[in-house]
Amino acid sequence: MAKDELKYLVAKLTAQAFRETFKERLDSFPDDPEFDGDRLYEKIEKPKDPAMGDYAFPLFDTAKRWGQNPVDINKRLLEAQQAIILRDKDKFKLEFSIKGGFNNSKFAPETLARLVIDNVLNAGEEYGSSDVGSGKTIVIDYSSPNIAKPFGVGHLRSTAIGACLYRVFEKLGYRPVGINHLGDWGTQFGKLIVAYRLWGAGGLGDDPIERLNELYVRFHKEEETDPSLTDAAREAFKALESGSQDEAELWKEFVDLSLEEFQKTYDILGITFDYFTGESFYNDKMDSAIGRLKAAGLTEMSEDALVINLDKYNLPPCLLTKADGATLYATRDLAGIFYRWETFKFDRALYVVNAAQRVHFQQVFKVVELLEEAEHIPENERMSHRLEHVQFGWIRFNDQAMSTRKGNIVILKDVLHRAAELARKIIMEKNPDLKDIDRTARMIGTGAVIFADLSTRKHIDVNFDWEAVLNFEGETGPYLQYTHARLCSLVRKYGRDITADIDYNHLTRPDENRVLHLLYRFPHVIEETAAGCEPFMISSYLLQLASAFNAVYQQKDGDGRIIKIISEDEKATNARMALVEAVRIVIKEGLYLLGIEAPEEM
RNA sequence: GCCCCCGUAGCUCAGUAGGAUAGAGCAGCGGUUUCCUAAACCGCGGGCCGCAGGUUCAAUUCCUGCCGGGGGUACCA
């Protein structure tokens, strides 16, 4: 866990103070957490009221264990703390104070500035990185669109969240493995094959996805009045699954065309995968997976289907094969888990999939758990407790679920194009001399779309709103990109070495202090993002940071004049530029983690 | 029927360890630039925090019930 350096300093000093002053206790109970900086660190909190200081250490627990009055301990502690500070007064300015049972500490602004800016500038883009995940593999299953269907904005969630988590875990030292579990198998391909044979004589034309989708929609419509179609589709999929050439050829064509189309969208988004192993990849691994479950004695026949009964766990039965013998998605997910475990020996496996599939994953994970119990696999070699479903809500449109069948869908590529077009128009107005306008416009348009998706907590349903996505003001991706471009502009203009010796006394205004506090929180924000698989932590943090910096950028003196970053006062300029550089680094890195590019000019 | 998620300003959303005058963006109104990028900054107006109980010194936050919206609940994924 990346440490909060300032808090750690407080913890170390306080532990030292405890050791120096409470000799009698130290001798009899040397293992008390009070005497150890690392353990004390865990007990230190942030006060609710910032006026109390930067950190607060509550002494109630200590007092209870020691059988003493918290206020008395606090008084003795404070004396020792102050003595230590006095000895090291050249190193940092830190003030301790007590209020009842709370031992509060507050850093002098220049001390905060020095510690934070040193950290950021020395680490550069590595700031916030850590090695907590070192040696650990995390498999992330994300995006996973359905073949032969349009890539709608609904698919952006899994794609953007997964890609973000990939980068975040990588930054924390994990080895991430990104898998696109394409929906390229299943009964719907039987339907498509039948539909294509019936009505696809004209070929698929130059927009094959659209054409395939039309066929799919038409199939569903005609199926309502002609039940024989349903049977035909089932047979076609059955044939496909059992290796029939004719069906396989058609299927392959559908897959290739779709992948080609999806790749265009991924290219715009700048998103990549380590593996494009869709459901069909597991086709030849199905028998052994089913065999393994059977051998463990978990399966039974029910209504002609092969199922695993989960009544005991209050879950519907997990269907492995249908009455006609064909497999289902649970079967393929199980085979996928077995394969991934064999292949990657993952420490964690995340499934970034809509919350609607909650029960499905509960079933599948429970089956794996039962299997490993039945097989008597040692606890630490089990995969079942490493599986996690990262759930998120819908993107709705016109307050309805997006549905390809109902035609209520917004194509992601269209959104990205429109956003880039708008960005281009704005650049033409504001900065027509900019080089490479098209490229920058794409960066901004895409950034706007991705940020819009990652700027609410993932579990809520959101309504897709063209106006909101195509608005580049306020809490948006372009706002962050603009702030970054402005920071770059300052660095360019200054043009000198920023790491040269800095007088931190020039960074003590309240607005600057706020920026500094935010800067040092960044490593913690990354950890929170990983802990909750919640990119929103980063997006909301970046908005706060950008807003805090923009306030500094336009802060005014008593006469209402803007205090410029770059002025005649060399020392002040140098110090402010150090702040500028630190903010620039963090915003760029934060945007990178979200999967958003940061243009240097716009 | 049962299970899960959501209900906060006109709109979109924060508020995750219960605590004081509930925050932000958009939209509306009013300011700021002889220019370090105004895609910004500053200010104003706007809220029975779905409803009703309960726990607590204190509830938007925890518990129960109800209402409203969404999703799930064996042969789709």
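Since the structure is predicted, the reported quantities are computational estimates derived from the model, not experimental observations. Each chain gets a letter, A, B and so on, in the order the sequences are listed, and its residues count up from 1.
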With a 4.0 Å cut-off on heavy atoms, is [X] in touch with a base, just the backbone sugar-phosphate, or nothing at all?
{"X": "A:Gln481", "answer": "nothing"}
{"X": "A:Val462", "answer": "sugar-phosphate"}
{"X": "A:Ala356", "answer": "sugar-phosphate"}
{"X": "A:Ile444", "answer": "base"}
{"X": "A:Gly186", "answer": "sugar-phosphate"}
{"X": "A:Thr476", "answer": "nothing"}
{"X": "A:Ala485", "answer": "base"}

Tell me the interatomic distance from [X], atom [atom1], to [N], atom [atom2], rounded to whole angstroms.
{"X": "A:Asn431", "N": "B:A40", "atom1": "CG", "atom2": "C1'", "value": "15 Å"}
{"X": "A:Tyr553", "N": "B:U33", "atom1": "OH", "atom2": "P", "value": "14 Å"}
{"X": "A:Ile426", "N": "B:U37", "atom1": "CD1", "atom2": "P", "value": "19 Å"}
{"X": "A:Glu568", "N": "B:C36", "atom1": "CD", "atom2": "P", "value": "12 Å"}
{"X": "A:Leu543", "N": "B:A40", "atom1": "CG", "atom2": "C1'", "value": "14 Å"}

Could you tell me which nucleotide pairs with [N] by Watson-Crick or G-U wobble geometry, both distances under 3.5 Å, or answer none if nothing does?
{"N": "B:G1", "value": "B:U73"}
{"N": "B:A40", "value": "B:U32"}
{"N": "B:G23", "value": "B:C13"}

Treating A:His389 as the side-chain partner and A:Val353 as the backbone partner, does any N or O pair qualify as donor plus acceptor under 3.5 Å? yes
Of the options [options], whose atoms approach the side-chain atoms of [X] most closely?
{"X": "A:Thr187", "options": "B:A77, B:G71, B:C36", "value": "B:A77"}
{"X": "A:Ile562", "options": "B:C36, B:A77, B:C41", "value": "B:C36"}
{"X": "A:Glu601", "options": "B:U37, B:A14, B:C76", "value": "B:U37"}
{"X": "A:Ile566", "options": "B:C36, B:A74, B:G70", "value": "B:C36"}
{"X": "A:Gln357", "options": "B:A77, B:A40, B:U37", "value": "B:A77"}
{"X": "A:Arg396", "options": "B:C36, B:G71, B:U37", "value": "B:G71"}
{"X": "A:Tyr482", "options": "B:G71, B:A40, B:C13", "value": "B:A40"}

Pick the closest RNA chain B nucleotide for A:Ser547 and for A:Glu279 by heavy atoms, then say which residue is nearer the 5' end. A:Ser547
Of A:Glu473 and A:Leu328, the one whose nearest nucleotide on RNA chain B sits closer to the 5' end is A:Glu473
Is there a side-chain polar atom (N or O) of [X] under 4.0 Å from OP1 or OP2 of [N]?
{"X": "A:Tyr479", "N": "B:C41", "result": "yes"}
{"X": "A:Arg486", "N": "B:A38", "result": "yes"}
{"X": "A:Ser489", "N": "B:C36", "result": "no"}
{"X": "A:Arg332", "N": "B:A77", "result": "yes"}

If we take the [atom1] atom in both [N] and [M], what is their distance in whole Å?
{"N": "B:A17", "M": "B:C62", "atom1": "C1'", "result": "12 Å"}
{"N": "B:G50", "M": "B:C6", "atom1": "P", "result": "13 Å"}
{"N": "B:C44", "M": "B:A22", "atom1": "P", "result": "15 Å"}

Exercise: do A:Glu241 and A:Thr327 side chains pair donor with acceptor under 3.5 Å: yes
Go through the side-chain N and O atoms of A:Arg496 and A:Asn574 and say whether any donor and acceptor fall under 3.5 Å apart. no
I want to check a possible cation-pi pair here: A:Lys191 against A:Phe219, using under 6.0 Å from ring centre and within 45° of the ring axis as the test. no
Pair [X] and [Y], ring centroids less than 6.0 Å apart:
{"X": "A:Phe276", "Y": "A:Phe281", "answer": "no"}
{"X": "A:Trp185", "Y": "A:Tyr329", "answer": "no"}
{"X": "A:Tyr351", "Y": "A:Phe361", "answer": "yes"}

For a quick check, tell me whether the side chain of A:Ser144 and the base of B:A77 share a donor-acceptor pair closer than 3.5 Å. no
Strictly below 4.0 Å, N to O, side chains only: are A:Arg418 and A:Glu421 in salt-bridge contact? no
Report, as a single string ordered 5' to 3', how protein heavy atoms within less than 4.0 Å touch nucleotides 4-10 of chain B: B base, S sugar-phosphate only, - not at all. SSS----
For the pair A:Phe464 and A:Trp466, name the ring-plane relationship: parallel under 30°, tilted 30 to 60°, perpendicular over 60°. perpendicular
